[in-house]
Structures are given as structure tokens and as C-alpha cells.
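Have a look at the structure below, then the notes.
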2 protein chains.
Amino acid sequence: MRDLAERVNLRASSLYSHIRRKEEILQKICAEQDRRFTEAMDEVEHMECKPVEKVRILLSLHIRTALEDPTSVTVFSDEWKHLEEPYLQKFSERRRIYEQRFLNIIEEGIKGGAFKPLDANIILYTLLTAIRWLHHKQQTQPALSGEKQEQQIIELLMGGLENNLPKEGGER
Amino acid sequence: MRDLAERVNLRASSLYSHIRRKEEILQKICAEQDRRFTEAMDEVEHMECKPVEKVRILLSLHIRTALEDPTSVTVFSDEWKHLEEPYLQKFSERRRIYEQRFLNIIEEGIKGGAFKPLDANIILYTLLTAIRWLHHKQQTQPALSGEKQEQQIIELLMGGLENNLPKEGGER
DNA sequence: CCTACCGATCGGTAGG
DNA sequence: CCTACCGATCGGTAGG
């Protein structure tokens, strides 16, 4: 709180005119990011497109959010575990629901033969975790634009996810 | 330190018969993991095999380490940033060297046409970060064996990395 | 390895 | 929004 106060040219105690407790800051950031991703998931679920396109849209959102708001994403990704009860439980549950909805899309893609027949949980966590470096690497100014970075990460991840085999044939 | 002491049935002050400072624990774990990965890199560099095989071996090591020693990997992956100077600088430099050696292998694969022509830094960080969920998800007992998990993650990641286009031809 | 501490720091409050 | 604090906790030491 002392560090935070210094950044806004106040005394630490003065922060408490704006917030009630330190925990409140953590809660607000987590809740806001949760809302952001949940709303996107609502939209994606109602879209009439293939699983491959839905995953692509969700990945794109995660990547763009990490590039645009790295601080909030750091809190949402790494610091949420410091939430106090009962918020920790509530947040974990909301996270679980989001992941389950994402899993459903992945399962749909596997059943339809668009995705490789891998374990959906492994796919989900690998995809979501694969971009966790973005919000940390903001200090070194990027050689590539955010758009290029997004494009390349998606190509790398979707390339591994999509099934290259012919629909009804054997191997090779 | 109080929590740690409780886990080994001691008083916090008694820990200081075994270590000099709290920081020492962090340093030792970071140094040990650094040595482990550096030694593996030494071996891999001297192997006579293609880049695709080298990346596969390194990924396999990272995955197996995360499964076998999740606590150390958590420290090495997430907690190293709390090292004090001058250890923080030293460690960052050793990390940078390891990453550079990994980058060289990736660049070699791109030049040889085995890997997609993406930015090598993006590939490196995406691959290394993609498995960061493994050491956190140890509580839920796994539906899949460690071997199966390793195999599937590697298939997912290498599938996106490898170039599927014919060597000299156009697209499709 | 324990008891008995200590100085520093932390989140937070009282009162203006 | 500030000054002046407070109780709790932290890493660590003295001395046995």
C-alpha cells in the first residue's frame, strides 16, 4: 500500500478514503476480468460457426487482453490465488465454469474431427497457459506489432490443434 | 518461515541451524534447476539429430521435470523474481543464455524448413510457457498418466511448430 | 533445537 | 487528504 500510495503521490493512509481494504482492489480487478471473458464466451457460444473458429476468437481475445492490459491480466492470472475466502471459492467456481464452457467447444471440435483426438483438458490448459508470457514481457519493446504477435501465436497453437488427416481415411 | 518450520515440526528459529537466511533456500532451488536444464542443453547441443528432435527432447525434459518435481519448478518458474541482487541479475543472465541456446535450435529448424517461418522468440516463449500449468495442477489426480500427458502436449505443440508444406512447392 | 526476544514492516484506524 | 499511531506478523539473533 505504501508503494501504491507513492505512485499516486499520497500517503498510504489516504488510500483508505478511496478503498475500504487492500483486498478490495484484488477483488475488483478479478471480477472485471471475469466479466470480460464471460461476456465474450456468451457471444461466442451463440455464434453460428465451427469450433475451430470459436477457439480462434477466444484465443484472440486472451492474447489481445494480455497485450492491452498486462497489469490486470497479471492479477487475473497470477494473483487471484491470494483472494480471501469466500471470494476465493466464488472466483474459483466462476473460473471453473468458464473453463467448462471452453472445454465443451473443444470436445465438439474433437467429435467433429476438426481437432486432434487429444484429452480436452490438456488442450485447454496448454492453449490458455501458452500465452501467459505475453503480460510479463512488456518491458522489452516488441520487434513485432501486437497484431503480428497475435497472428503468429494463433498459427502456432491452432496448427497443433487442427487435425490434418483425411476425414475417413487411415494414417498417411 | 513459521509455516515451513511447522511442516518439519520445529520452531522457526531452529531452522537457522540449517540455513543462514530465507533467501538461501530460494537461491539453492533456482541454482539446482538451472544446472539441470543447462546440463541437458549441453547434451542436446552435441547430439547429431535434427532440430525437431532436439526441441522434442527439451520439451520432454521440461514436462517431466514439472510432473516429477512440481515444487521446485514452481520456484524456478514463478518465484525466482524474488531473488535479491546480485543473484537476481546472475540468474537472469543464465536464463537468458539458456533461452539463446534454445533460440539457436529453433532458428536452425526454421532455416532448414522443418519449422514454420514464425518469429523464433514467439515460438520459444509459447513452447516454454505452454506447460506452466502442469506444476500447478497436481491436486486433482490426473485422468491420464504422466507419460500420456507428456505425449499429448508434445504432439499438440510440435504439430503447430512443424512445417507441413512441401519443401519447394507452393501452398497445398 | 529451544526460549525469549527484537527491529522493521505491513494493513489499517482515529481524529481532524 | 494528512499526522500520528497501533497491533500483528515477519525474518532473524542471543544465549543456552
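Every heavy atom of this structure was used, including side-chain atoms; hydrogens, water molecules and symmetry mates were not. A quick note: this is a predicted structure, and the numbers were derived from the prediction, not measured.
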Listed partners of B:Phe76 passing ring pair (Phe, Tyr, Trp, His ring centres under 6.0 Å), at least two apart: B:Phe37, B:Phe91
Sequence-distant partners of A:Tyr98, ring pair (Phe, Tyr, Trp, His ring centres under 6.0 Å), two or more places apart: A:His62
Which dot-bracket notation, 5' to 3', represents the base pairing of DNA chain D when pairs are defined as Watson-Crick or G-U with both distances under 3.5 Å, crossing pairs as [ ], and inter-strand pairs as |? ||||||||||||||||
Per the salt bridge (charged side-chain N to carboxylate O under 4.0 Å, His left out) rule, what does the pair list look like for residues 66-79 of chain A, sequence neighbours excluded? A:Arg36-A:Glu68
Can you sort out the partners of B:Arg95 under salt bridge (charged side-chain N to carboxylate O under 4.0 Å, His left out), two or more places apart, ordered by chain and number? none
Take atom CG of B:Leu4 and atom P of D:dT9, then tell me their distance rounded to the nearest Å. 18 Å
B:Glu108 meets the salt bridge (charged side-chain N to carboxylate O under 4.0 Å, His left out) criterion, sequence neighbours left out, with none
Charged N to carboxylate O under 4.0 angstrom, A:Glu39 versus A:Arg35? yes
Partner residues of A:Arg20 under the salt bridge (charged side-chain N to carboxylate O under 4.0 Å, His left out) criterion, sequence neighbours left out: A:Glu24
Check: protein-nucleotides 10-16 of chain C nitrogen or oxygen pairs below 3.5 Å:
unit_1, atom_1, unit_2, atom_2, d
C:dG11, OP1, A:Lys22, NZ, 3.0
C:dG11, OP2, A:Met1, N, 3.2
C:dG11, N7, A:Arg2, NH1, 2.5
C:dG11, O6, A:Arg2, NH2, 3.2
C:dG12, OP2, A:Tyr16, OH, 2.9
C:dG12, OP2, A:Lys22, N, 2.6

Return the set of residues passing salt bridge (charged side-chain N to carboxylate O under 4.0 Å, His left out) with A:Glu93 (not counting sequence neighbours), or none when no residue passes. A:Arg96
Can you figure out which of D:dC1, C:dC2, D:dC2 approaches the side chain of B:Leu10 most closely? C:dC2
